[in-house]
Each structure stands twice: as structure tokens, then as C-alpha cells.
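Here is the structure we will look at, set down as C-alpha cells.
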Amino acid sequence: NAGVTQTPKFQVLKTGQSMTLQCAQDMNHEYMSWYRQDPGMGLRLIHYSVGAGITDQGEVPNGYNVSRSTTEDFPLRLLSAAPSQTSVYFCASSYSHSGMSTDTQYFGPGTRLTVL
Amino acid sequence: DAKTTQPNSMESNEEEPVHLPCNHSTISGTDYIHWYRQLPSQGPEYVIHGLTSNVNNRMASLAIAEDRKSSTLILHRATLRDAAVYYCILKYIFGTGTRLKVLA
């Protein structure tokens, strides 16, 4: 199993540009999520999905869109990049998300995004 | 939302045990306590989880208070490779974690 993969590893954007961060998992996990991590900070939840066709907002959803057309893929779209979105983005997946034993999350390696 | 509180940083000497505390006074009855760690420039990785009883695995031990309002991650013999930020989380809320420094 490849686990959770993310592309690209690094990206530089100009203010106002749009782009999509890719995330894929091959563990047949129902739950997937996106976090951002600013320097010296913990992870903050952006959006999550409990299964194909179902998404919901996390703590910091503004400026980001997501969709989940398949179990494997969960892309994160930046509609109009802003310098405040400079961060490291992590995608994660888990079997469930109900505060249960099977909530153990597997994280991707991250995408380091800089918005100029 | 479930919230955890951890010290910002701790230090340990190599080969000595480390006890990393976490308070989670708002935990609900069925929430599992998960611990992750994040090595420099990597994504978080799973360490251990538990519900009520103490738990052991090859990486660490988890001691959970009887009232479940706190827990302690125990690294039995810290190594330089254990230097990381350790997060105690309930569901999906990450705090700022504890940065563990291991001294040679």
C-alpha cells in the first residue's frame, strides 16, 4: 500500500491564482480530511469527508473548496490564493471518524504552499 | 468541541523515560484518546490510542486517569530519534502539542 499520497510537494502561487492540491489513499478509508499547519502551530482542520459525495467544513474552511467523487481521492481547491494561505497542507484518512478506536488517521507527507 | 491541553515543551536525557501529560477535561464518554507525533518536516504519525485502560505498544505506553480527564504518554527510553512534537487529540482537534527535546 502507498498509504496517503499528496501532490505536489511544493508550490508557489501568485495572489489571485487558483490551484488544486491532490490527495489519494489506497486503504479504502471512508474518512478523509485536509489540515493546514502554520509555522509553530498545530494542525487546523479545513474540510473533511465521511464518504464519497459527502463533505463538510472544519475549523478554517474559507477560501477552500473540496469534493469527493471517489473513495480514493479528495482534492483541495484554492479558488483565489491569498498570502494568508501560505502554509503546509496535510491530507489524512481513517477508517472512521466518530471518536472511536478506528479513527486512527494516516497522514500524507504534506504540500508546502507559498503565496506571494 | 473536544479540547486538549499540553505543555509547550519538555526535555529529556537520552535513555531515560519521558512522561508527556495531557489534560482533556471535556472528554465525552465514548471518545478515544489518540496520540500522534510529528518529526521535523514530516506529517503526523500515529503513536498510540486508548479508551479507559492503560495501553502498551512497541512505541510507547499510554496511562489514562480513572476519570479520563487526563492521560500520559510514556516513552520508556527516549532516543534522539524521539525528538518531535507530540499531540494528544480527541476526534480531530489538534492543539499545539508538546515539543520534546532529547539531550545526548
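Scope of the values below: all heavy atoms of this structure, side chains included, with no hydrogens, waters or symmetry mates. All chains are named by letter (A, B, ...) in the order of the sequence lines, taking the proteins before the strands, and each is independently numbered beginning at 1.
Following chains of ILVMFWY side-chain contacts shorter than 4.5 Å, one can reach A/Leu78 starting from A/Met32, so the two form part of one hydrophobic cluster. Connection of B/Ile33 to B/Val18 is established within a shared hydrophobic cluster, with ILVMFWY side chains joined at heavy-atom distances below 4.5 Å, either directly or through further cluster members. In the hydrophobic cluster analysis, where Ile, Leu, Val, Met, Phe, Trp and Tyr join through side-chain heavy atoms closer than 4.5 angstrom, B/Val47 is grouped together with B/Met10. Under the 4.5 Å side-chain heavy-atom criterion for grouping Ile, Leu, Val, Met, Phe, Trp and Tyr, B/Ile48 is connected to B/Ile27 within one hydrophobic cluster. B/Ile89 and A/Val88 fall within the same hydrophobic cluster, where Ile, Leu, Val, Met, Phe, Trp and Tyr residues are linked whenever their side-chain heavy atoms come under 4.5 Å apart, directly or through other members.
Enclosure of atom CG in B/Asp67 by more than 12 non-hydrogen atoms of other residues, nucleotides or ligands within 6.0 angstrom is indicated. In the displayed structure, A/Tyr64 atom OH is contacted under 6.0 Å by more than 12 heavy atoms of other residues, nucleotides or ligands.
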Throw together a table of side-chain donor-acceptor distances under 3.5 angstrom for residues 73-85 of chain B, partners on residues two or more places apart or in other chains.
unit_1  : atom_1 : unit_2  : atom_2 : d
B/His76 : NE2    : B/Ser61 : OG     : 2.6
B/Arg77 : NE     : B/Glu15 : OE1    : 3.2
B/Arg77 : NH2    : B/Glu15 : OE1    : 2.0
B/Thr79 : OG1    : B/Arg81 : N      : 3.3
B/Thr79 : OG1    : B/Asp82 : OD2    : 3.3
B/Asp82 : OD1    : B/Arg37 : NH1    : 2.9
B/Asp82 : OD2    : B/Thr79 : N      : 2.9

Can you give each donor-acceptor pair under 3.5 Å made by side-chain atoms of residues 3-12 of chain A, sequence neighbours left out, with the distance rounded to 0.1 Å?
unit_1 : atom_1 : unit_2   : atom_2 : d
A/Thr5 : OG1    : A/Ala24  : O      : 3.4
A/Gln6 : OE1    : A/Cys91  : N      : 3.0
A/Gln6 : OE1    : A/Gly110 : N      : 3.0
A/Gln6 : NE2    : A/Tyr89  : O      : 3.0

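For the pair B/Gln42 and A/Phe90, the minimum side-chain heavy-atom distance is 4.5 Å or more.
For the set B/Pro44, B/Gly43, B/Ser28, the count of heavy-atom pairs under 4.5 angstrom toward chain A peaks at B/Pro44.
Only the side chain of A/Tyr35 has a heavy atom closer than 4.5 Å to any heavy atom of chain B.
A/Gln105 and B/Tyr36 get closest at one heavy-atom pair: N-OH, 2.7 Å.
Contacts from residues 36-51 of chain A to chain B, taken as heavy-atom pairs separated by less than 4.5 Å, involve A/Gln37, A/Met41, A/Gly42, A/Leu43, A/Leu45 in sequence order. Contacts between residues 95-103 of chain B and chain A, defined by a heavy-atom separation under 4.5 Å, are made by B/Gly95, B/Thr96.
Rounding to the nearest 0.5 Å gives a distance of 8.5 Å between CZ of A/Phe107 and CD of B/Gln38.
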